[in-house]
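Note on naming: letters A, B, ... go to the chains in the order of the sequence lines (proteins, then strands), and numbering restarts at 1 for each one.
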Amino acid sequence: MRVLLAGATGAIGVPLVRALTGAGHMTADAVLHEATALRGAAPRLKVGDPTNALRHTGTENLLAAARAVGARRLVTQSMILGYGYADHGDRVLTESDAFGLPRRSYADTVVAGCESTEQQAFGAGDVEGVALRYGLFYGPRAFSDMFADLMRKRRPCVPTGGGGTNCWIHVDDAARAWPLLPRAEFAPPSGVRSGRRTRLDVGMTSAHEWPTTIAEAEAVQERLRPLVDLDDEGPERVEFVAGLDVGYAADGDEVTGAVVVLEADTLRVVDSAVVRRRAAFPYVPGLFAFRELPPLLAAMEELTVTPGLLVCDGYGLAHPRRFGLACHLGVLTGLPVIGVAKTAFVGTHDDPAAERGSWSPILLDGEVVGRALRTRRGVKPVYVSQGHRIGLDRACAHVLRMAPAYRLPEPIRLADRLSRT
DNA sequence: GCGACAG
DNA sequence: ATCTTGTCGC
Ligand SMILES: [Mg+2]
């Protein structure tokens, strides 16, 4: 394995060297452009910025180096800034979006630099060019870690209005993606979103509100409740389902969030994640999402596979304020969520018939808020309620399919087991 | 006012 | 949720 790495002492370079020397994944000789200016970088962008020069003439030189050493591949560093220094809204930008176009913003020189390094790499002909469009990194030596640090201090800098979503990637994770590049199959397998693997274990998950008092917590629920979608029938079939549960340490106040992702058809495990941390809220009936949500979201961030449906241990709509854990999880993730509880909570219901698949509605203030659903003949039913973006009929169909052998659906059964280990 | 109350 | 041995039933 022969690799020429320009920029070995940088934010990506250091973990990349660590990964390359240990992994041995490199099968082709390659030149990697991770170089930024070591000196002379101005605090504010200006014409003639030395790092930008590395995009233009630096790429030129490294391409010449690649040819000189007979490398088959040149991997260069680009940036999402190349899409334009502007608010792009909620839409996810992809390679099909326009890139490198000037917008008469002060960042145009950098946009041009990104376009230059990419076009040089792509147009090399004899050398295969790959460009990585970097976004926000955090971790040692990363420039944007200064913003991450503000989040750690709970003083995030957010766009006007406080909305927006950013995707942060740890430099170690970014470096770990590099050894995969020389493989031909660059496209991630279905259901896997490359670049989404993040380590937001420092509380950067988002600007979500984490109340500390009961009154605040109830107010948050009232405020978020209108965001729940109960009308969407939701997916009839999904490729991947995730089960979520939280375990509690025998002593102290540590909580362990666990997520297990299964292939829906086979119920085989394809991914999982566990996160242990201090509990931020006590258990209060009606507010237990504030205890379980933080470790669950943190565990979700660790996943490599993005599930199309979540199943959580607890209620959704069947809740004193119609906003149980399943709803809260849905609003925060945007994913369809089914709540499956093991014991009764609010409302009334008849005991369903003994057959597997029989059910009776759970009534609260004259409304149907869920179902007691028998998943095994003669065994206590589970309590199914809508969380977000899923109809009650469809939710029950999913639960029955996911619980072929035991009372509890496999996803939460496995998540429960994982949260205890 | 009292008790019950997802995990 | 957790502590925790045995017991009952399929
Ligand atoms: Mg649980």
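- Here Gly339(A) lies out of heavy-atom contact (under 4.0 Å) with every strand.
- Taking atom NE2 on His319(A) and atom P on dA4(B), their separation rounds to 20 Å, with Å as the unit.
- Residues of residues 377-414 of chain A that place a heavy atom closer than 4.0 Å to DNA chain B do not occur.
- Here dG3(B) presents its C1' atom at 14 Å from CZ of Phe345(A), a figure rounded to the nearest Å.
- Between atom CD of residue Glu239(A) and atom OG1 of residue Thr306(A) there is a gap of 11.0 Å, rounded to the nearest 0.5 Å.
- Residues Tyr83(A) and Arg133(A) form a side-chain contact, since some pair of their non-hydrogen atoms from C-beta on lies under 4.5 Å apart.
- The CG atom of Leu287(A) sits 11 Å away from the C1' atom of dA6(B) (whole-angstrom rounding).
- If you take CG of Leu293(A) and C1' of dA6(B), they are 14 Å apart, rounded to a whole angstrom.
- When side chains are defined from C-beta on, Leu332(A) counts as touching Leu293(A), because their heavy atoms get closer than 4.5 Å.
- Following rounding to the nearest Å, Phe281(A) (CZ) and dG7(B) (C1') show an atom-to-atom distance of 14 Å.
- Computed from coordinates, the Asp245(A) CG to dA6(B) P distance equals 15 Å when rounded to whole Å.
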| message | What verdict does the side chain to side chain donor-acceptor pair (under 3.5 Å) test give for Gln386(A) and Tyr315(A), after you've listed the backbone C-alpha separation in whole Å, the side-chain angles of each residue and the deciding distance to 0.1 Å? | response | CA-CA 8 Å; Gln386(A) 291 164 271; Tyr315(A) 287 90; over 6 Å; no
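- Taking 4.0 Å as the cut-off between side-chain N and carboxylate O, Arg237(A) and Asp265(A) count as a salt-bridged pair.
- Between Lys342(A) and dG7(B), a side-chain N or O to OP1/OP2 separation shorter than 4.0 Å is present.
- Separating the CZ atom in Phe99(A) from the OG1 atom in Thr94(A) is a distance of 12.0 Å, to the nearest 0.5 Å.
- For the side chain to side chain donor-acceptor pair (under 3.5 Å) condition, the pairs that include at least one residue of residues 412-421 of chain A, sequence neighbours left out, are Glu410(A)-Arg413(A), Asp416(A)-Arg420(A).
- Dashed line: the shortest gap from a side-chain N or O of Thr343(A) to OP1 or OP2 of dC5(B) is not under 4.0 Å.
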| query | Dot-bracket for DNA chain B: what is it, with Watson-Crick or G-U pairs under 3.5 Å, [ ] where a pair crosses earlier ones, and | for a pair to another strand? | reply | .......
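- Once rounded to the nearest 0.5 Å, the distance linking CH2 of Trp359(A) with CG of Asp393(A) reads 6.5 Å.
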For nucleotides 2-10 of chain C, give me every protein contact, N/O to N/O, under 3.5 Å, one pair per line with atom names.
{"unit_1": "dT2(C)", "atom_1": "OP2", "unit_2": "Arg420(A)", "atom_2": "NH1", "d": "3.0"}

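- Proximity of Ile390(A) to Pro235(A): side-chain heavy atoms (C-beta onward) are separated by under 4.5 Å at one or more points.
- Atom CD of Gln120(A) is separated from atom NE2 of His33(A) by 8.5 Å, given to the nearest 0.5 angstrom.
- Looking at heavy-atom distances under 4.0 Å, Ala318(A) makes no contact with the nucleic acid at all.
- In this entry the distance linking CZ of Arg291(A) with P of dA1(C) reads 12 Å, nearest Å.
- Note on residues 292-314 of chain A: no pairs pass ring-ring contact (aromatic ring centres under 6.0 Å, His included), not counting sequence neighbours.
- For the strand DNA chain C, secondary-structure stems (runs of at least three Watson-Crick or G-U pairs, all distances below 3.5 Å) are absent.
- Checking side-chain atoms of Arg407(A) against main-chain N and O of Pro381(A) turns up a donor-acceptor pair under 3.5 Å.
- Using a 4.5 Å heavy-atom cutoff, the side chains of Tyr134(A) and Gln77(A) are in contact.
- Note: CG (Leu296(A)) to P (dA6(B)) measures 18 Å, nearest angstrom.
- Residues Val331(A) and Phe323(A) meet the side-chain proximity criterion, which asks for heavy atoms closer than 4.5 Å.
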